[in-house]
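Here is the structure we will look at.
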Amino acid sequence: MVPYFPAVFDERFIARDITFENTAGPENHQAVALCLGSDFSVFFRCSFKGYQDTVYVYSQRQFYLECDIYGTQDFICGDAITVIQSCNI
């Protein structure tokens with residue numbers, strides 16, 4: 001898989017206080033803000049903004065705490081084991 005959007009596949013990725021945004025809009029269909037295939041990744045107080053499929057939890061295990069996830073449809077999609085705690089969706 002070669003994504004056409006930001007992607008993370010390394011283990012133990014940590015992000016804090018950062019915004020991931022895709023501004024492609026409806027004319028470009030799916031607008032993933034971030035694709036995650038990293039094991040044991042953690043996101044703390046991050047924002048994810050996209051049009052469709054905003055956060056693509058592609059695979060592995062991920063944790064989101066106090067994050068904001070925005071979009072118009074299918075905000076979170078994929079097959080990963082994901083814990084989303086105290087987040088705004």
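Annotation for C35 and F9: closest pair SG-CZ, 4.1 Å, computed over non-hydrogen atoms. The two residues D10 and S38 come nearest to each other via the heavy atoms O-CB, 2.5 Å. Pairing each heavy atom of F75 with each of G71, the nearest pair is CE2-O, 2.7 Å. Scanning both residues, A7 and L34, for their nearest heavy atoms gives N-CD1, 4.2 Å. Across all non-hydrogen atoms, the minimal contact from A15 to C46 is O-SG, 3.5 Å. Across all their heavy atoms, Q60 and G37 have their closest contact at CG-O, 3.2 Å.
In this structure, CG in D68 is found 11.5 Å from CZ in R45, a value given to the nearest 0.5 Å. The distance from the CZ atom of R61 to the OG1 atom of T82 is 11.5 Å, given to the nearest 0.5 Å.
Between I69 and N88, every side-chain heavy-atom pair lies at or beyond the 4.5 Å cut-off. The side-chain heavy atoms of R12 and I14, taken from C-beta on, include no pair separated by under 4.5 Å. Proximity of F20 to K49: side-chain heavy atoms (C-beta onward) are nowhere separated by under 4.5 Å.
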Kindly determine whether Q85 and Y64 satisfy side chain to side chain contact (heavy atoms under 4.5 Å, CB included), including the steps that lead there. CA-CA 6 Å; Q85 183 176 333; Y64 300 80; over 6 Å; no

Derivation and outcome, side chain to side chain contact (heavy atoms under 4.5 Å, CB included), residues V42 and L65: CA-CA 8 Å; V42 176; L65 177 64; over 6 Å; no

Show, in sequence, the C-alpha distance, side-chain angles and deciding distance for Y58 and L36, and conclude whether the side chain to side chain contact (heavy atoms under 4.5 Å, CB included) test is met. CA-CA 5 Å; Y58 179 71; L36 278 298; 5.8 Å; no

Pair D79, V57 - check side chain to side chain contact (heavy atoms under 4.5 Å, CB included), show working. CA-CA 6 Å; D79 296 324; V57 292; over 6 Å; no

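Both I18 and V8 belong to a single network of hydrophobic side chains, linked directly or stepwise wherever heavy atoms of I, L, V, M, F, W or Y lie under 4.5 Å apart.
Of the possible donor and acceptor atoms, one in the side chain of T54 sits under 3.5 Å from a partner among the backbone N and O of Y70. At least one donor-acceptor pair closer than 3.5 Å links the side chain of Q62 to the backbone N or O of S59. For Q52 (side chain) and V32 (main-chain N/O), no donor-acceptor pair under 3.5 Å exists by modelled atom type.
Aromatic rings from F43 and F48 are positioned such that their centres are separated by under 6.0 Å.
The ring-ring contact (aromatic ring centres under 6.0 Å, His included) test applied to Y51 returns no partner, not counting sequence neighbours.
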